[in-house]
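Here's the structure, in structure tokens; my notes come after.
All chains are named by letter (A, B, ...) in the order of the sequence lines, taking the proteins before the strands, and each is independently numbered beginning at 1. Here the structure is a predicted model, which is why all the values come from computation and not from measurement.
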Number of protein chains: 2
Amino acid sequence: MTSRKDIRHILLYGVCLAVLIFTLKWLQWKVLILDNAVDVYVGLIAVFFTVLGVWMARQLVRTRVKTIVIEKEIIINNTEQATVNETELKKLNLSAREYEVLQLLTKGHSNAEIASHLYLSVSTIKTHVSNLFVKMDVKSRTQAIEKSKRLKIIH
Amino acid sequence: MTSRKDIRHILLYGVCLAVLIFTLKWLQWKVLILDNAVDVYVGLIAVFFTVLGVWMARQLVRTRVKTIVIEKEIIINNTEQATVNETELKKLNLSAREYEVLQLLTKGHSNAEIASHLYLSVSTIKTHVSNLFVKMDVKSRTQAIEKSKRLKIIH
DNA sequence: CCCGTATTCATACTTTAGTACCAATCTGTA
DNA sequence: TACAGATTGGTACTAAAGTATGAATACGGG
């Protein structure tokens, strides 16, 4: 990938090179290059171009940052049952009162407690509970609780 | 941070430089450097040291590794109770048999069913259940089920 | 207005759950 | 070995749950 920045750097390098060449030419005519000064001359050029190369490379490399993305999985345990399984609930075809009774039943309340909570007689609760058992296809309140939790039809 | 690798590179660079200097010296004495050949000579040195500098820089700097950790939230709807709340369970101080009975009780089984399942008499189950109620501070099996589910001490 | 369903309540009964008290056996620990 | 706790089982009793049946009332749709 040759970005606009790279091209700019290459152009800059070209300009620097040109300037140096002209400087050398000028030095060649103006100052006499002595025979024993060639070493120093060559050394200066070597150092200069080495530094230039290093600087160039650093500039170019700076844009080449290797980014490693590590996806850290955070497991969120959604334990609480927020939603009621409406589908299963409708299948049972429970009446409003029966569902009310079921909700209190699953909370561990006795028939007497449910009766006083709903301002009804124990007889009425027993009737509702019996009808519940038939509709839910269970034989005891404990089974009703187990099935309710399993089908997720209560909170 | 100057690693052993960096030192090796610097030494290599020194050696290259020394070799080049000697080569130049050799050329200086062996082949006559013509006046108009100085440009070519300087150019070669410039190119060589630029490449050397780039190479050096690349070796020293290498690629910068930027590590970005992205936390990805994964919601796992863990409906089923995978782990038992051991802390709450130990608080209740239930015996092994009592816990066995509790597990079957919460599944909606009757005393008779639990008895036949564990090859025990109904009397024994009644005793265990009564002791369970005292330890769990409840008054009925439905309350025991509710509390067990709430404290997450059963599967 | 009639019909089906929901809701309420009652009585009588059976079954199950739960309590109280006792006792034998087993088991790990001081 | 003695002892506390666990496990098993029994009897007798009370309380609650569950079944069966009947009946009155309310309420919405055809």
Side-chain angles (χ1 to χ4, degrees), chain A residues 84-151 153-154, chain B residues 84-151 153-154:
Chain A
V84 170
N85 192 334
E86 298 288 346
T87 314
E88 290 293 338
L89 185 56
K90 279 177 184 170
K91 275 185 189 172
L92 295 176
N93 194 32
L94 304 181
S95 70
R97 265 309 203 207
E98 283 166 356
Y99 186 57
E100 266 188 298
V101 171
L102 179 62
Q103 284 178 312
L104 292 168
L105 192 148
T106 52
K107 285 180 182 173
H109 294 298
S110 65
N111 289 340
E113 287 170 341
I114 298 170
S116 61
H117 193 275
L118 297 177
Y119 303 104
L120 296 175
S121 72
V122 179
S123 300
T124 309
I125 304 303
K126 281 189 176 184
T127 307
H128 287 318
V129 171
S130 276
N131 293 332
L132 264 173
F133 291 173
V134 173
K135 287 184 179 178
M136 292 180 74
D137 192 32
V138 294
K139 288 193 180 69
S140 69
R141 63 207 296 110
T142 53
Q143 282 181 19
I145 294 171
E146 198 277 327
K147 192 159 188 174
S148 295
K149 299 254 179 185
R150 186 153 45 80
L151 298 182
I153 57 175
I154 36 93
Chain B
V84 172
N85 191 334
E86 299 288 346
T87 314
E88 291 293 338
L89 185 56
K90 279 177 183 169
K91 275 185 190 172
L92 294 176
N93 195 31
L94 304 181
S95 70
R97 263 310 203 208
E98 283 165 355
Y99 187 57
E100 264 188 300
V101 171
L102 179 63
Q103 284 178 313
L104 292 169
L105 193 148
T106 51
K107 284 182 182 174
H109 295 297
S110 66
N111 290 339
E113 287 170 340
I114 298 169
S116 61
H117 192 277
L118 297 177
Y119 302 103
L120 296 175
S121 72
V122 179
S123 300
T124 309
I125 303 304
K126 281 189 176 185
T127 307
H128 287 318
V129 170
S130 276
N131 293 333
L132 262 174
F133 291 173
V134 173
K135 287 184 179 178
M136 293 180 73
D137 190 33
V138 293
K139 287 192 180 72
S140 69
R141 65 208 294 111
T142 54
Q143 282 181 20
I145 294 170
E146 197 278 329
K147 192 159 189 173
S148 296
K149 300 254 180 185
R150 187 153 45 80
L151 298 182
I153 57 175
I154 35 91

Closest non-hydrogen atoms of Leu102(A) and Ser148(A), given as atom of the first, atom of the second and distance, are CD1-OG, 3.6 Å

dist Lys147(A):NZ -> Leu132(A):CG (nearest 0.5 Å) comes out at 12.0 Å

With a 4.5 Å heavy-atom cut-off, do Ile114(A) and Leu104(A) have their side chains touching?
-> yes

Close side-chain approach of Leu118(A) and Thr124(A), heavy atoms under 4.5 Å | no

Would you call Asn111(A) and Ile125(A) a side-chain contact if the rule is heavy atoms closer than 4.5 Å?
-> yes

Contacting residues from residues 126-139 of chain B, given that a heavy atom lies under 4.0 angstrom of DNA chain D | Thr127(B), His128(B)

Using a 4.5 Å cut-off on heavy atoms from C-beta on, say whether the side chain of Leu105(A) contacts that of Thr142(B).
-> no

Stepwise side chain to side chain contact (heavy atoms under 4.5 Å, CB included) check, His117(B) with His109(B) | CA-CA 10 Å; His117(B) 192 277; His109(B) 295 297; 5.9 Å; no

To the nearest 10 degrees, what angle separates the axes at the start and end of the helix from dC1(C)-dG30(D) to dA30(C)-dT1(D), five pairs each?
-> 50°

Calculate, to the nearest 0.5 Å, the distance between atoms OG and NZ belonging to Ser130(A) and Lys135(A) respectively.
-> 12.5 Å

Within-4.5 Å side-chain heavy-atom neighbours: Val129(A) and Arg141(A) = yes

Terminal contacting nucleotides, 5' and 3', DNA chain D versus chain B (heavy atom, 4.0 Å) = dA6(D) to dT11(D)

Is it true that Glu146(B) and Arg150(B) have a side-chain N and a carboxylate O under 4.0 angstrom from each other?
-> yes

Whole-Å gap separating C1' (dT16(C)) and CZ (Arg141(A)) | 12 Å

Where protein sits on nucleotides 24-30 of chain C, one letter per nucleotide: B base, S sugar-phosphate only, - none, heavy atoms under 4.0 Å = -------

Taking the side chain as every heavy atom from C-beta outward, state whether Val101(A) and Leu120(A) have any atom pair closer than 4.5 Å.
-> no

So which of residues 91-105 of chain B are in contact with DNA chain D, with a heavy-atom cut-off of under 4.0 Å?
-> Ser95(B), Ala96(B), Arg97(B)

Looking only at heavy atoms, which two atoms of Phe133(A) and Ala144(A) are closest? And how far apart?
-> CE2-CB, 4.0 Å

Could you tell me the separation between the CD1 atom of Ile125(A) and the P atom of dT7(C), rounded to a whole number of Å?
-> 12 Å

Closest heavy-atom pair and its distance - Gly108(B), Ser140(A) = O-OG, 4.1 Å

Is any side-chain heavy atom of Ile154(B) closer than 4.5 Å to a side-chain heavy atom of Lys107(B)?
-> no

Shortest non-hydrogen separation from Leu89(B) to Tyr99(B) and the atoms involved | CD1-CE1, 3.6 Å

Would you say the side chain of Leu92(A) lies within less than 4.5 Å of the side chain of Glu98(A), judging by non-hydrogen atoms?
-> no

What are the two closest heavy atoms between Ile153(A) and Met136(A), and how far apart are they?
-> CD1-CE, 4.4 Å

Interface residues of residues 109-120 of chain B with DNA chain C (non-hydrogen, below 4.0 angstrom) = Ser110(B), Asn111(B)

